[in-house]
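As structure tokens, the structure follows; a few thoughts come after it.
The structure presented is a predicted model; accordingly, all values stated were derived computationally and were not measured. A, B, ... follow the sequence lines: proteins, then strands. Residue 1 opens every chain. Just so you know, these numbers use all the heavy atoms, side chains as well, and skip hydrogens, waters and symmetry mates.
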Protein chains: 2
Amino acid sequence: MTIQDIADAAQVAKSTVSKVINDSPKVSDQTKSRIWGIIREMNYTPSSLATQLAKQTSRNIGLLIDLSREHEFLDHFFFNIIGGIESALVERKYELTISNIQQPDRPEQHFMKRLVLNRRVDGLIANNSVLTEPLCEELLAHRFPFISIGEVQSPVSWVDFDNEAGGHMLAAHLLERGYRRLAFFAGERDEKLFVRRFGGFARALAEAGLPAPDEAALRGLADTDSGYALGLRMLDLPAGERPDAVVCMSNYAAFGLLKAARERGVDVPGGLGIAAFDDYPMSPYTTPPLTCLKIDTFTLGVSAGELLLEQLRDPDMPLQKRMLEPQLIVRESTRSETAAGGQAVGSSAADF
Amino acid sequence: MTIQDIADAAQVAKSTVSKVINDSPKVSDQTKSRIWGIIREMNYTPSSLATQLAKQTSRNIGLLIDLSREHEFLDHFFFNIIGGIESALVERKYELTISNIQQPDRPEQHFMKRLVLNRRVDGLIANNSVLTEPLCEELLAHRFPFISIGEVQSPVSWVDFDNEAGGHMLAAHLLERGYRRLAFFAGERDEKLFVRRFGGFARALAEAGLPAPDEAALRGLADTDSGYALGLRMLDLPAGERPDAVVCMSNYAAFGLLKAARERGVDVPGGLGIAAFDDYPMSPYTTPPLTCLKIDTFTLGVSAGELLLEQLRDPDMPLQKRMLEPQLIVRESTRSETAAGGQAVGSSAADF
DNA sequence: TTGTACGCGTTATCAT
DNA sequence: ATGATAACGCGTACAA
């Protein structure tokens with residue numbers, strides 16, 4: 001069942017059928033509706049393979065993932081991100097191909113050959129953890145359109161959450177609820193993500209006239225185990241040095257901290273406030289429920305998709321960096337508004 | 001940069017270059033290596049678009065998802081499943097396209113047109129929640145290859161976990177640890193998933209000579225809220241009727257139950273044992289950590305991919321149903337082995 | 001407004 | 001072993 005069959009049935013040339021399908025203005029409305037009728041009747045669908053070859057476009061974009069690296073963020077929000085990308089692409093009749101990068105053992109299966117040089121995809125979206133500098137350079141050298149999910153150094157358009165604003169929101173919230181000695185769990189100094197988030201955290205402290213202590217940031221991974229370990233260490237500090245609130249880099253770190261507090265008999269939120277980046281499905285169900293910074297990963301995907309589509313339309317589009325605002329979800333791991341006043345005075349009096 | 005450019009550079013016909021690329025035996029090793037040299041030197045990669053048209057195959061398989069329906073299972077394990085599928089496909093040089101089903105408003109973008117009739121993909125993988133009976137019939141009528149993730153009624157090959165065995169494992173574990181009056185949270189009678197799991201649960205009870213009470217299964221959604229509500233209701237039963245252990249359909253239901261137990265001052269695992277299907281990342285970090293049934297979703301994806309590939313190879317392959325064994329992860333929400341003896345006697349003595 | 005002829009880049013068939 | 005030529009199915013100038 002090809003376009004020729006339709007042409008034969010309609011007693012026209014196949015080029016006419018093609019024009020009808022592509023809604024060319026150079027064909028009469030009468031023949032259009034007549035041929036559409038035949039197309040529907042014969043249940044014809046153009047071969048995308050042939051169309052793609054003729055139009056020299058795959059109408060397909062690739063999403064690069066790294067299966068080897070457990071990238072918790074992507075891992076967790078993958079479904080939403082993909083959903084967002086998909087919904088942006090489907091509008092413009094693009095499809096989404098998922099591809100694992102890296103086959104260290106078989107370089108011939110590298111995505112660069114499989115997808116890019118191949119022209120199997122018209123553009124690429126990838127997380128900044130897979131978009132290394134040299135990789136970006138290579139793609140830029142090929143003038144191949146791509147977008148990063150997450151801030152990146154190279155001259156590339158990207159979408160990300162405003163992590164600085166997020167750090168500020170969490171710290172400002174804790175200060176507003178009367179906490180005065182804030183700590184930050186956990187991360188490595190050189191991570192971009194940490195730098196941004198801690199920057200916002202420090203800014204909120206500075207705005208409140210409080211010192212932004214370097215030691216406020218406890219090093220370590222942002223997982224449950226190190227949240228627990230750091231938590232015990234912190235809670236065992238002498239009363240005068242012990243922080244009364246913590247901003248956690250992840251829900252997992254907060255879980256660990258929660259466990260440590262429970263073991264040490266420290267009341268949350270009374271004696272210790274906890275607020276965390278991200279908002280995992282179980283965060284409403286911890287004891288107490290966790291105050292979190294929710295990030296809309298679906299919209300993140302939409303933004304990435306739309307940005308790439310724009311770039312496909314206009315290859316000379318100037319670089320764009322889109323930042324999405326996170327949203328504070330206040331639950332019970334931070335003191336309530338009413339409690340803040342009384343608690344705050346008492347707490348700060350005792351601590352300082 | 002086309003195959004013709006290589007042919008010109010090598011002073012041969014393009015058909016010869018094509019044969020070299022496809023490693024045809026009808027070309028001398030000498031010219032092979034000579035032309036491969038030129039290919040590498042000129043950095044040539046065949047256009048997949050042209051290859052696909054000529055070979056009449058997209059070398060692409062589609063994964064159908066439903067963004068509108070919050071299908072918790074897929075949602076949560078999406079990354080792993082995709083990873084598994086991808087790793088199976090890459091071996092055979094297939095790519096994976098993700099596609100959202102349903103555009104109720106625009107039927108012309110239905111995946112049936114976009115992917116199947118189009119021949120944009122050579123085969124399909126989908127969860128049983130999207131593979132409705134009529135949809136299966138339609139695909140079968142087209143003789144289009146596809147695999148279901150999750151058991152399905154239609155004559156279709158599928159992969160799934162052995163839910164019956166899972167129900168049995170959880171119940172048998174509770175019995176082995178001395179619990180005697182088991183309940184089952186939660187689910188609807190007509191759900192296939194529930195039927196299988198509860199079947200295994202009931203079988204374990206029967207094997208232990210215990211009645212498999214119909215009322216053992218408390219109806220409701222398998223989420224945290226209903227786990228909590230059902231939990232309170234159950235814990236408030238008179239001592240003689242109150243179950244001393246529960247198998248939960250999901251981690252979330254278990255969280256709710258855990259919360260209810262804490263509020264009623266019921267000790268877990270001493271006074272109440274809890275074991276749940278699935279093993280979410282936070283289940284080791286609840287208080288107490290949750291005894292779970294781990295399912296290897298990556299392998300599930302691999303199986304689905306491999307099964308589809310086999311079907312692509314041999315369209316007349318007989319139907320296959322592959323069941324993967326779940327794995328019991330014993331944590332602290334069920335009594336320890338040593339405690340089981342003593343507790344069991346006391347408990348059963350009190351209860352019966 | 002419709003039809004003709006060729007191009008898209010590759011593979012496959014059949015001569016040589 | 002190699003080369004010429006015809007598919008593959010569709011899009012599109014250009015001619016009619």
Side-chain angles (χ1 to χ4, degrees), chain A residues 1-39 42-60 93 95 113-122, chain B residues 1-39 42-60 93 95 113-122:
Chain A
M1 167 73 58
T2 75
I3 200 172
Q4 187 64 58
D5 298 327
I6 305 297
D8 293 346
Q11 306 269 47
V12 295
K14 61 176 185 175
S15 59
T16 304
V17 180
S18 176
K19 283 167 195 154
V20 169
I21 289 170
N22 293 289
D23 201 30
S24 161
K26 318 178 71 170
V27 57
S28 71
D29 288 353
Q30 189 188 344
T31 38
K32 262 184 190 172
S33 60
R34 183 171 71 86
I35 292 182
W36 268 123
I38 297 175
I39 288 176
M42 299 183 65
N43 224 314
Y44 165 73
T45 308
S47 155
S48 61
L49 272 45
T51 308
Q52 287 168 24
L53 180 62
K55 290 198 171 158
Q56 286 293 293
T57 166
S58 64
R59 281 260 143 185
N60 200 5
K93 295 171 182 288
E95 300 294 334
K113 266 213 159 60
R114 270 167 52 212
L115 300 181
V116 177
L117 303 177
N118 242 359
R119 309 226 59 96
R120 201 161 175 142
V121 298
D122 297 338
Chain B
M1 168 71 59
T2 76
I3 200 173
Q4 187 64 58
D5 298 327
I6 305 296
D8 294 345
Q11 306 268 48
V12 295
K14 61 178 184 175
S15 56
T16 304
V17 179
S18 177
K19 283 168 194 152
V20 170
I21 289 169
N22 293 289
D23 201 31
S24 160
K26 317 179 71 171
V27 57
S28 71
D29 287 354
Q30 188 187 345
T31 39
K32 263 184 190 172
S33 61
R34 183 170 71 86
I35 291 183
W36 267 124
I38 296 174
I39 287 176
M42 298 183 65
N43 224 313
Y44 164 74
T45 309
S47 157
S48 61
L49 271 44
T51 307
Q52 286 168 24
L53 180 62
K55 290 196 170 163
Q56 286 294 293
T57 166
S58 63
R59 281 260 135 187
N60 199 5
K93 294 173 183 288
E95 301 295 334
K113 268 216 157 57
R114 272 166 52 211
L115 300 181
V116 177
L117 302 177
N118 242 1
R119 308 225 60 95
R120 202 161 175 143
V121 298
D122 296 340

Ignoring backbone atoms, establish whether [X] has a side-chain N or O less than 4.0 Å from OP1 or OP2 of [N].
X       : N      : answer
B/Ser18 : C/dT10 : no
B/Gln56 : D/dG9  : yes
A/Thr51 : D/dC10 : no
B/Ser47 : C/dG9  : no
B/Ser15 : D/dA4  : no
B/Tyr44 : C/dT10 : yes
B/Thr31 : D/dA1  : no

Main chain of B/Ala10, side chain of B/Arg34: is a donor-acceptor contact present, judged purely on distance under 3.5 Å?
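Indeed, once roles are kept as given, a pair shorter than 3.5 Å links the two residues.
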
Quick one: on DNA chain D, does A/Asn22 or B/Ala13 contact a more 5' nucleotide (nearest heavy atom)?
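Result: B/Ala13.
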
Determine, step by step, whether A/Asn118 and B/Thr45 satisfy the side chain to side chain donor-acceptor pair (under 3.5 Å) criterion, reporting the C-alpha distance in whole Å, the side-chain angles of both residues, the deciding distance to 0.1 Å, and the verdict.
CA-CA 6 Å; A/Asn118 242 359; B/Thr45 309; over 6 Å; no

Taking only the side-chain heavy atoms of B/Ala50 (C-beta and beyond), determine which of C/dT10, D/dA4, D/dC14 contains the nearest atom.
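Per side-chain heavy atoms of B/Ala50, the pick is C/dT10.
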
Let's see if you can work this out: which of D/dG11, C/dT10, D/dG3 has an atom nearest to the side-chain heavy atoms of B/Lys14?
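Looking only at heavy atoms from C-beta outward on B/Lys14, the closest nucleotide is C/dT10.
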
Using a 4.0 Å heavy-atom cut-off across all strands, classify B/Gln11 as base, sugar-phosphate, or nothing.
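Answer is sugar-phosphate: B/Gln11 comes under 4.0 Å of backbone atoms only.
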
Should the side chain of A/Lys26 and the base of C/dG3 be counted as holding a donor-acceptor pair, with the cut-off at 3.5 Å?
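Absent.
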
